[in-house]
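FYI, the numbering just counts along the sequence from 1.
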Amino acid sequence: MSTAKTNLERLEEAGILKQEHFSDQDRKHIESISTEEVEVLVKLRKKMGAAPAGKDHMRPNFPV
């Protein structure tokens, strides 16, 4: 039986964010988004490609 992953864990594994960049309040907001919304963010990151090494905090996770 596998343990369900949090939204933060799923988004970090997809290369979208790093947990250490967020406050406890931010983490609560991220956990409040739906599974479908997380899936959209993961798919969008795949389409956009990975952020350059060391610059992950400077690249938006959405098309501008």
Among the clusters formed by ILVMFWY side chains lying less than 4.5 Å apart, do M48 and V40 turn up in the same one?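 The answer is no; the residues belong to distinct hydrophobic clusters.
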Taking all non-hydrogen atoms of both residues, which atom of I33 and which atom of I30 are closest, and how far apart?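 That closest heavy-atom pairing would be CG1-O, 3.0 Å.
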Nearest 0.5 Å please: distance from the [atom1] atom of [X] over to the [atom2] atom of [Y].
X: L41; Y: I16; atom1: CG; atom2: CD1; answer: 5.5 Å
X: E37; Y: L11; atom1: CD; atom2: CG; answer: 10.5 Å
X: E13; Y: L8; atom1: CD; atom2: CG; answer: 11.5 Å
X: K28; Y: N7; atom1: NZ; atom2: CG; answer: 15.0 Å

Residues forming a side-chain contact (heavy atoms from CB on, under 4.5 Å) with Q25, sequence neighbours excluded: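 With sequence neighbours excluded, Q25 shows a side-chain contact (heavy atoms from CB on, under 4.5 Å) to S23, H29, given in chain and number order.
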Partners of E9 by side-chain contact (heavy atoms from CB on, under 4.5 Å), sequence neighbours excluded?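 E9 satisfies side-chain contact (heavy atoms from CB on, under 4.5 Å) with K5, T6, Q19 only.
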Would you indicate whether the side-chain heavy atoms of E12 and E20 approach each other to under 4.5 Å?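 When only atoms from C-beta onward are counted, E12 and E20 do touch, with a gap below 4.5 Å.
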